[in-house]
Amino acid sequence: MSGVVGIKTKTGKTQKLFYSLSSIQHRGQDASGIILSTGSNLRRVRGLGLVNEIFADENLEDSEGEYGLGHVRSAQEGCNQDYNVEPLVSFAKGNEFSLAHDGNLVNYQALKKKEEDAGMAFHTYTDSELILLLITRYFEGDIVKAIRRAMKDLRGAYSCVLCMPDKIVGFRDYNGIRPLMLGFDEETTIIASENCSIEILNIDDYRDIEAGEIVVCDKDGIKSYKDDKKVNCKHCIFEYIYTARPDANIEGTNAYMFRRRSGELLYDQAPVEADLVCPVPDSGTPSAIGYAQRSGIPFAAGLVRNRYMGRTFIKSDQKERELSVRLKLNPQKSVLNGKRIVLVDDSIVRGTTSAKLIQRIRKAGAKEVHIRVTSPPVTNPCFYGVDTPDKSKLIAANLSVAEINKKIGADSLEFLSIDNLMKLTNNPDDYCNACFTGDYPIKREAK
Ligand code: AMP
């Protein structure tokens, strides 16, 4: 998971880029980087950490040039190294290129092996480097042609922004898996993973960059290049469930409304008698509101979240993962004591969060704890950029719902059905739900 931002603006470029990048911090907290064009060169600041940890005031002084690029990165286990931090930079054929990428290539290993066999040495362990390598290799003065040619070789998910000293270019894979948006007003054009990065600049006009579309923003304005023949939309459904902010409007669907409605549907599907509906904050909150409103059971904040602990899902070992649930969420005894609780969360992956929370909610005096999950069981890993562990660690790939219920120690456990989940989309065929069904739209390629 990552977040990308590219900007073209007449004034305050650096500050705008900083604000926009900060607003998509939820897409990655391990590393942050920006590129600032001086008009003829690219200047880079990057490092391991949050946006406001990396960019001190002296790094944010405004420079000449109208273009900039930003990236926030969520690293997979063991890959949080400074050499992987984006945006990546490349110098080729008298030009400077920089790239920020969200997604995951399924043919990375195969492409990389081919290059290595031909003598190429890589500087990172990221598939983004391959995207940049292919674009620079095919570049003969026309960036659109170079990207289009590289897209022939790339398979998988890529929502990217490329920056050159005199332009930014956004492009999205032919399945449109990860989101990418284009926003503009008279002064500024911005390409970003989510609309919050656009709206924070007071820009109200924005649209999705389409699957397979390339958008160039330079001194001549905004130009769009499409290749409709190859498009087969398979937008990631997990963006609405978990990844995106609730205010994200992706492909015409608002994530908050999606989540709230998922809570309503889950109540219809799996009602339960209880005294309180409590969310696992923050991602479970809109769904818990939906479940509470539909059921008439009061909504209550039974867990208090430490806002300064980031998303804690990817920790190196199980002990640390369990500790991080405790550090992040604390049960409110005054709310929970003596009550029958419906605890609503967006997903169960390894089962760590729910097991730990149930123990502690009981300790706080709850009489019953019923778990309601507003997505189906995650039975398959994602190969397109959502960090899920391999199948052996996915609890639902190895245990039935009844067995999970027993293992996490709930009084009852229900997941939203896949049929109900797909009802939340405007066109079910346009979405990838492989993590729940194993129906992968793009097959993975071996080495
Ligand atoms: P687990 O404890 O492994 O069952 O993970 C489930 C919790 O992690 C839920 O509370 C989700 O909100 C959250 N979650 C689900 N998917 C992800 C992801 N890809 N990255 C980080 N957190 C996630």
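The first residue of the sequence shown is numbered 1, and numbering continues consecutively from there. Here the structure is a predicted model, which is why all the values come from computation and not from measurement. Every number for a ligand or one of its atoms is a count from 1 in the order of the listing.
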(request) Report yes or no: does Ser32 contribute a side-chain atom to a donor-acceptor pair with the main-chain N or O of Gly49 at less than 3.5 Å? (result) yes
(request) Would you check if the distance from the ring center of His101 to the ring center of Tyr158 is below 6.0 Å? (result) no
(message) Heavy atoms only, cut-off 4.0 Å: how does Ser347 contact ligand 1, side chain, backbone, both, or neither?
(response) both
(request) With heavy atoms under 4.0 Å as the rule, classify the contact between Val386 and ligand 1 as side chain, backbone, both or neither. (result) side chain
(message) With nothing but distance in play, are any N or O atoms of Ser354 less than 3.5 Å from an N or O of ligand 1?
(response) no
(message) If we set the cut-off at 4.0 Å for heavy atoms, which region of Val349 has an atom near ligand 1: side chain, backbone, both, or neither?
(response) both
(message) With a 4.0 Å cut-off on heavy atoms, is Thr388 in contact with ligand 1?
(response) no
(message) Between the side chains of Arg340 and Asp275, is the shortest nitrogen-to-carboxylate-oxygen separation below 4.0 Å, so that they form an ion pair?
(response) yes
(message) Below 4.0 Å, non-hydrogen atoms only: which portion of Thr352 touches ligand 1? Side chain, backbone, both or neither.
(response) both
(request) Determine whether the side chains of Thr188 and Thr9 contain a donor N or O and an acceptor N or O closer than 3.5 Å. (result) yes
(message) As an exercise, identify every atom of ligand 1 less than 4.0 angstrom from a heavy atom of Ser283.
(response) 12 (O)
(request) Assign the ring pair Tyr240 / Phe258 to parallel, tilted or perpendicular, where the plane angle (0 to 90°) is split at 30° and 60°. (result) parallel
